[in-house]
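Indexing begins at 1, ligand by ligand and atom by atom, following the structure's order. Each residue takes its place number in the sequence, starting with 1.
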Amino acid sequence: MKIQIKQKPVIGITASNLPTADWDNSRFQLDRDGVLRLYSEAVAEFGGLPLILPMVRFPLELDEDDSLGPVTCGPGTLRENAGVYMDYLDGLILSGGGDVAPPPTASEPGKYQLVDKSRDIWESSLLAAALEKDKPVLGICRGVQLMNVALGGTLWADLPTERPGAVDHAQKTPRIRPSHPVKAIAGSRLAKIWGENEIMVNSGHHQGIRDVAAPLAVAAQSPDGLIEALEHTSARFVIGVQWHPEGQTSAPHVRSLFEAFINAAVG
Ligand SMILES: [Mn+2]
């Protein structure tokens, strides 16, 4: 499908809270929303209008242990504001980043890296709103993990120590280079998007999908049996991949994935 300028779907891309240099030790200087430009460029390349979503700490849903103090915003809870965002957006990308916060039952919470609970709550709210409004969602790396945890699934906290195998999921080479094969599950939506042949993907994750949340289904696996993609079984288009397609946009399987996502966002 060729997208005309007026049809361009607006795709929200979630951001990480990137700490800046600690120059005056104030939260106003420490908080900065950011995401690699590769995500925006991939959306633009396939006909969408990228829009980076700031991680505003809307009130009333802060954790009790949040030490940042009260935040003054306009009306509505974080969940309600996420709903307004999703009314406006045509699609959502849950981007990569640090680990989703460990569950209270985690035996080794020390294995979790760069945890940001505010971001988890914000992205879970956006996902819930997208599902409610049947807007397309593409989860990337952390994004597929967030999707699984938000809907009731679990993660491997640290693949190298908990599930060592033949496949290196934390490649040392740049993310534009693929490093391990992945195969779509026969009959899955992903298999329809790129066929059932093996594809080569990049891999930069130390956590992985363990138990799959009930509304999701396994859509692809690597040769060591690790789950590499999930898709929602009833939503129109909710897919998460464990690799970084935004770093491989010349690969035919990535092109067909982004085209399918953007076309779903057009409606
Ligand atoms: Mn991998």
Side-chain angles (χ1 to χ4, degrees), residues 13-14 16 35-36 38-39 42 93-102 108 111-115 120 123 137-151 153-186 188-191 193-213 216-232 238-258 260-261:
I13 304 170
T14 57
S16 293
V35 63
L36 288 180
L38 283 171
Y39 291 89
I93 288 182
L94 298 169
S95 66
D99 294 346
V100 178
E108 295 186 83
K111 287 183 175 172
Y112 287 69
Q113 301 168 9
L114 301 170
V115 167
D120 297 349
E123 289 185 327
V137 181
L138 179 60
I140 293 178
C141 200
R142 166 197 157 84
V144 68
Q145 297 174 355
L146 182 282
M147 194 182 275
N148 189 46
V149 171
L151 297 175
T154 63
L155 304 177
W156 295 103
D158 187 56
L159 293 173
T161 53
E162 293 182 4
R163 197 184 180 283
V167 177
D168 181 8
H169 290 281
Q171 71 183 62
K172 312 296 179 291
T173 46
R175 74 169 69 182
I176 56 167
R177 302 232 165 80
S179 72
H180 73 65
V182 158
K183 199 170 187 307
I185 301 293
S188 66
R189 175 188 281 264
L190 272 186
I193 290 174
W194 72 60
E196 289 173 24
N197 297 325
E198 248 181 19
I199 57 164
M200 286 297 290
V201 302
N202 55 18
S203 193
H205 56 108
H206 82 104
Q207 295 201 321
I209 305 296
R210 190 169 184 172
D211 302 306
V212 177
L216 301 174
V218 179
Q221 287 174 304
S222 44
D224 57 355
L226 188 68
I227 295 165
E228 286 278 343
L230 295 174
E231 57 191 34
H232 200 283
V238 175
I239 291 178
V241 297
Q242 187 61 80
W243 63 95
H244 282 279
E246 79 285 359
Q248 293 185 263
T249 55
S250 57
H253 65 84
V254 169
R255 301 191 72 81
S256 47
L257 177 62
F258 269 108
F261 171 59

Trainee: Measuring from the Mn ion (ligand 1), name the closest N, O or S atom belonging to Glu228.
Mentor: OE2
Trainee: With no hydrogens and no angle check, do the side chains of Asp224 and His180 hold a donor and an acceptor under 3.5 Å apart?
Mentor: no
Trainee: I'd like to know whether Ser222 forms a side chain to side chain contact (heavy atoms under 4.5 Å, CB included) with His169, so could you lay out the CA-CA distance, the side-chain angles of the two residues, the decisive distance to 0.1 Å, and finally the verdict.
Mentor: CA-CA 10 Å; Ser222 44; His169 290 281; 3.4 Å; yes
Trainee: What angle, in degrees and rounded to 10°, do you get at the Mn ion (ligand 1) when you join it to ND1 of His169 and to NE2 of His205?
Mentor: 90°
Trainee: Let me know which of His206, Gln145, Arg142 forms a side-chain hydrogen bond (donor to acceptor under 3.5 Å, both in side chains) with Asp99.
Mentor: His206
Trainee: Keeping Gln207 on the side-chain end and Gln113 on the backbone end, is there a donor-acceptor pair under 3.5 Å?
Mentor: no
Trainee: Report whether any nitrogen, oxygen or sulfur of Ser179 sits less than 2.8 Å from the Mn ion (ligand 1) (N, O or S, backbone or side chain).
Mentor: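 Looking at Ser179, which is the residue asked about, there is no N, O or S atom under 2.8 Å from the Mn ion (ligand 1).
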